[in-house]
Amino acid sequence: MSASVHFRTCNLCEAMCGVRIEVADGHITSIKGDAEDPFSRGHICPKAVALRDLHEDPDRLRHPMKRTASGWERVSWEDAFRDISQRLHALQKEHGPNAVGAYLGNPNVHNLGAMMFGPQLLRALRTRNRFSATSVDQLPHQLAAHLMFGHQLLVPIPDIDRTRYMLMLGANPLASNGSLMTTPDVRARLRAIQERGGKVVVIDPRRTETAVIADQHVFVRPGTDALALFSLLHVVLEGNVHRMGRLAAFVDGVDTVLPLVRDFPPERTAPHTGISPDVLRGIARDFLAADGAVCYGRVGVSTQPFGSLCQWLINVLNIVTGNLDREGGALFTLPAFDLIGGPRAFGVSPGSHGRWKSRVRGLPESSGELPVAALAEEILTPGEGRIRALITLAGNPVLSTPNGTQLDTALGQLDFMVSVDPYLNETTRHAHYILPPASLLERGHYDLVFHVLAVRNTAKYSPPVFPAGPDSRQDWEILLELQHRLETLRKGRSVRATLQY
């Protein structure tokens, strides 16, 4: 029996845990945490074990599929590419570039090929109707980073391994393994804060898994986090005194913040937040007294009417207390591959807001994307500029985005739809073509995004565990082929003249 051992990064969530995969006779016999991985230190969760389930799943599509009047039929890659490109080109030629929309799901940022070639396909489409999971999740973080620090990916990361006081709002890293804070084995890291004499405080309307192990859990009325943050800043800045230290030379706008927070003493906001003024003042005092403190807010404060304001206030709190860009506070990372200062070909712009708006409700774009909450209405509402065709890349927005029932109805009214996805699901069932990429374990992997968000600087490449099948295509091959054919139809220029498979 031939046997081999493979060391790999699990790319099913943000934690980037190292895994040890044992293979015998072409089948996985064991998946365990890699005890020698210096970042994850042997930690593993059930997601990593699912790598085998996904690879061996008999329901996973392995060939291009076309929806016909009699059901789904297998077709060749050549026939699929030719028909898809011709139909998309014809729709855009007749109705304009914006007649084709694109939706990118979360798995794209866990995929080296999609990260490298997805932006090129979007450029070839020339559409402003771009949507992604970003607007369902972390957009307030990116907007605050763009406006405050000059780039949407300059998101400060909690220095969890050295902080003495960690204040979390709307975050439950024990369930998420960290989010916009790549943190494997987060339970041990939070416990370490307490063991070195520090404190973990959670402000959350729910008694979450993280709240249970915290030193202090403060209940807040849902949707009032911005008021609580204003009151924390009111206490911190009482007497118009800040503690920015060396940051003062780089910071402007404090004089604008002072009169804003003056109107929000804890006594005034308590009836709305449900947080006692004494409790809030105590948190502010402890935050100031700690030798290294950090405030971290996640999806619970992002997905509310004042989500962007919350993320801005969290950054302000870290700044005026001198806890930005310092050990134990909130740090900017220095990844081996720099998406911020690296090649522009990856399409990672510094960010933008409001350059154009959605056709129906006039919702502003952010960093080249419209809110996915507007996708269904942009398909259903008649008129010039209506989305008539859609490409989905690794996403199931019928399940994961607002008003999935409306979107389910809308997708059924498209003239044409294509999905790059390994499964027939609630979204892809509406597609005219499904193009399945090779499995997670049949491709190499390097995290381009999550090294940027990691609490420790790391670099790790994962070679494929298995060779791809003879009729398989990697994500990047599918995306590059579609780009090539669309650009050739539009202007007779091939991108394959300079790129080799």
Side-chain angles (χ1 to χ4, degrees), residues 97-98 101-106 108-109 115 118-119 122-123 125-157 169-170 179-180 223 225-226 229-230 250-254 256-257 260 297-319 324 330 332 338-342 344-378 385 387 395 397 401-402 449 452-453:
N98 296 330
Y103 173 82
L104 281 69
N106 181 271
N108 285 284
V109 294
M115 282 293 296
L122 292 179
R123 288 195 187 97
L125 288 171
R126 301 175 300 133
T127 179
R128 287 186 170 184
N129 282 316
R130 303 180 186 181
F131 308 85
S132 82
T134 295
S135 58
V136 188
D137 189 347
Q138 78 274 4
L139 185 57
H141 285 271
Q142 293 178 223
L143 180 60
H146 160 61
L147 296 175
M148 299 182 80
F149 308 122
H151 198 289
Q152 61 174 322
L153 292 185
L154 275 174
V155 178
I157 308 303
L169 293 90
S179 182
L180 293 186
D225 302 84
L229 287 163
F230 266 121
F250 307 99
V251 175
D252 58 25
V254 176
T256 303
V257 172
L260 292 176
R298 196 46 204 107
V299 69
V301 290
S302 291
T303 54
Q304 56 175 280
F306 299 101
S308 297
L309 178 61
C310 286
Q311 297 301 343
W312 177 74
L313 289 168
I314 287 169
N315 286 339
V316 172
L317 179 60
N318 287 327
I319 291 169
L324 179 72
F332 296 108
D338 186 3
L339 274 177
I340 296 168
R344 295 188 63 186
F346 284 91
V348 183
S349 72
S352 61
H353 187 71
R355 290 181 297 166
W356 64 83
K357 296 182 178 181
S358 66
R359 178 180 61 100
V360 178
R361 267 191 289 166
L363 300 178
E365 66 81 34
S366 283
S367 300
E369 294 183 5
L370 292 169
V372 71
L375 175 55
E377 64 197 37
E378 292 297 324
I387 295 176
T401 65
V449 169
V452 178
L453 304 171

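We count residues from 1, following the sequence as given. Not measured: the values here are computed from a predicted model. Values below: every heavy atom of this structure, side chains too, minus hydrogens, waters and symmetry copies.
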Review point. Closest heavy-atom contact between Pro97 and Arg126?
Key: CB-O, 3.3 Å
Check your understanding: Taking NZ, NE, NH1 and NH2 as the nitrogens, is one of them in Lys357 or Glu365 under 4.0 Å from a carboxylate oxygen of the other?
Key -> no
Exercise for review: Can you measure from CG (Leu143) to OG (Ser366) and round to the nearest 0.5 angstrom?
Suggested key: 5.5 Å
Point to revise | Residues forming a side chain to side chain contact (heavy atoms under 4.5 Å, CB included) with Ala330, sequence neighbours excluded | key: Pro156, Val294, Asn318, Leu324
Point to revise | Expected output: side-chain Ser135 to main-chain Val372 donor-acceptor under 3.5 Å | key: yes
**Study point:** Expected output: side-chain Ser358 to main-chain Leu363 donor-acceptor under 3.5 Å
**Key:** yes
Review point. How many angstroms lie between atom NE2 of His141 and atom CG of Leu180, to the nearest 0.5 angstrom?
Key: 5.0 Å
Check your understanding: Tell me, which pairs form a salt bridge (Lys or Arg N to Asp or Glu O under 4.0 Å) where one or both residues lie in residues 130-149, sequence neighbours left out?
Key -> Asp137-Arg298
**Study point:** Pro140 to Ser302 - nearest heavy-atom pair and separation
**Key:** CG-O, 3.6 Å
Revision key, fill the gap. The side chain to side chain donor-acceptor pair (under 3.5 Å) partners of Gln304 (sequence neighbours excluded) come to Asp225
Check your understanding: Between Asn315 and Trp312, is there a donor-acceptor pair closer than 3.5 Å when you use the side chain of the first and the backbone of the second?
Key -> no
Practice item. With sequence neighbours excluded, tell me which residues meet side chain to side chain donor-acceptor pair (under 3.5 Å) with Ser367. Key: Gln152
**Study point:** Euclidean distance, Leu139 CG relative to Thr303 OG1, rounded to 0.5 Å
**Key:** 12.0 Å
Review point. Distance-only, no hydrogens or angles: does the Asn129 side chain make a donor-acceptor pair with backbone N or O of Asn98 under 3.5 Å?
Key: yes
Check your understanding: If you round to the nearest 0.5 Å, how far is CZ of Phe332 from CD1 of Ile340?
Key -> 8.5 Å
Exercise for review: Tell me, please, which residues at least two apart from Glu369 pass salt bridge (Lys or Arg N to Asp or Glu O under 4.0 Å).
Suggested key: none
Review point. What pairs of residues pass the salt bridge (Lys or Arg N to Asp or Glu O under 4.0 Å) test when at least one of them lies in residues 139-148, not counting sequence neighbours?
Key: none
Practice item. To the nearest 0.5 Å, tell me how far Arg128 CZ sits from Glu378 CD. Key: 13.0 Å
